[in-house]
Amino acid sequence: MQFELTANPPFSLGSVINSHGWIRLAPFDTIEGSDQFNYVIQSSNQQVVQLQISEIQNGVRVYIQEQGAVQAQDEIKTAVAWMLQLNEDYSQFYELTRREPKLSHVEEKAQGRLLRSPTLFEDTIKTILTTNTSWSGTIRMTDSLVIQFGSPLPGREGQYSFPGPHQVAISNEQTLRGETRLGYRAPFILELSRKVDSGALDLEKLKSSNLPTKELHKQLTSIRGVGNYAAAHLLMLLGHFDYLPIDSWALKMVSSEFFNGEPIQPEAVEQVFDRWGKWKGLAYWLWNWSAAGET
DNA sequence: GGTAGACCTGGACGC
DNA sequence: GCGTCCAGGTCTACC
């Protein structure tokens, strides 16, 4: 089965794929140098299928090899549109970038859309797994979580969907620490999964929330394991760019670019990008840092 | 409100 | 190969 989805122009699947590191985290899978990717998804009827997503003119083509996925077709269409932000409009931001040489590449490459997971639950778990560790650690922990708790893709050995809240919630801290090797994050992941599974926390409703960014930030930081950096990163994925995900890399880059390498505090990063208003997170994210020593 | 220490792992480094 | 040190955000206790 296959279908096509239209994107609000300009659109570049490659720019979405390369918008941040998510494409390297299971159950995303991509071929190096290619502008297409696979994603194993479990629909609400529990069927596990692999989506093969490639770019067409003004949109994407989604191919599903497994038979019988027709039932969940509408659900999958909604998921893909969310993951690739197909309906988002960045024209207002592009207008501003035309006056900034460090962002001159943004409109030309149709950048701005950030790759998302189908659920905010998955994005929140993955964001927690990026904190206080190396990128290789994030990949390892995500892989372990997917392999141990995800649902297998029929007929394809070694491929799994990202686990739903229930699949993690029925585990325990010892397993998440000892086998999944999430370390001190294990109780955070377990608590989050149990709250979402029980209905005590409705994360998915935040995807369509009209709450002001400040209130969304407050709700996200009330999740144990989600601090300022993680909340700002999640807000960016939700399309709110007025908080900056300031980590050690950000301090280093902004220091080098704007403060002659002098040690700086997070407030200095905020100050530099304040002029971008509600777009400051995106301006920071897409800034050309090559002069600051980015490799 | 601000600060210090603990949390856990992998990588770098020295022996 | 082994031991030590450090980086990476967040939480909690304390002031």
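The shown structure was predicted, so the numbers you read here are calculated from the model rather than taken from an experiment. Residue numbers begin at 1 in each chain, while the letters A, B, ... track the order of the sequences.
Other residues, nucleotides and ligands contribute at most 12 non-hydrogen atoms within 6.0 Å of the NZ atom of K109(A).
Separating the CG atom of L234(A) from the C1' atom of dG9(C) is a distance of 13 Å, rounded to the nearest angstrom. One interatomic measurement links the two molecules: CD1 of I189(A) to C1' of dC8(B), which rounds to 14 Å at whole-angstrom precision. The distance between atom CD of E191(A) and atom P of dT10(C), rounded to the nearest whole Å, is 16 Å. To the nearest angstrom, P of dT10(C) lies 12 Å from CD1 of I223(A). Counting to the nearest Å, the P atom of dA7(C) and the NZ atom of K252(A) are 12 Å from each other. Atom P of nucleotide dC11(C) and atom CG of L192(A) are separated by 12 Å, given to the nearest angstrom. Between the C1' atom of dC11(C) and the CG atom of L190(A) lies a distance of 17 Å, rounded to the nearest Å. Here the P atom of nucleotide dG9(C) and the CG atom of L182(A) are 18 Å apart, to the nearest Å.
Between W285(A) and H20(A), the angle of the ring planes goes over 60°, which puts this pair in the perpendicular group of the 30/60° scheme. The aromatic rings of W289(A) and F258(A) stand perpendicular to each other, their planes meeting at an angle above 60°, with 30° marking the opposite boundary.
Residue M141(A) comes nearest to L129(A) through the heavy atom pair CE-O, 3.6 Å, listed as atom of the first residue, atom of the second, then distance. Closest approach of A230(A) to T131(A), counting heavy atoms only: CB-CG2, 4.3 Å.
Close placement of the W287(A) and F273(A) rings is indicated, their centers lying within 6.0 Å of each other.
A side-chain donor-acceptor contact under 3.5 Å links S209(A) to the backbone of L211(A).
Between R185(A) and dT9(B), a side-chain N or O to OP1/OP2 separation shorter than 4.0 Å is absent. Taking side-chain N and O atoms only, R177(A) has a distance below 4.0 Å to OP1 or OP2 of dC8(B).
Comparing S248(A) and T221(A) by the nucleotide of DNA chain C that holds the closest heavy atom to each, the one mapping nearer the 5' end is S248(A).
For Y184(A) against dG9(C), a side-chain-to-base donor-acceptor contact under 3.5 Å is present.
Note on the helix from dG1(B)-dC15(C) to dC15(B)-dG1(C): terminal axis deviation equals 30°, with five pairs used at each end and the result rounded to 10°.
A salt bridge is absent between R113(A) and E88(A); no separation between the charged side-chain nitrogens and carboxylate oxygens falls under 4.0 Å. Using a 4.0 Å cut-off between charged side-chain N and carboxylate O, D242(A) and K280(A) make no salt bridge.
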Would you tabulate the nitrogen or oxygen pairs shorter than 3.5 Å linking the protein to nucleotides 10-14 of chain B?
from	atom 1	to	atom 2	distance (Å)
dG10(B)	OP1	R140(A)	NE	3.1
dG10(B)	OP2	R181(A)	NH2	3.1

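Among the atoms of the strands shown, none is found under 4.0 Å from any heavy atom of I139(A).
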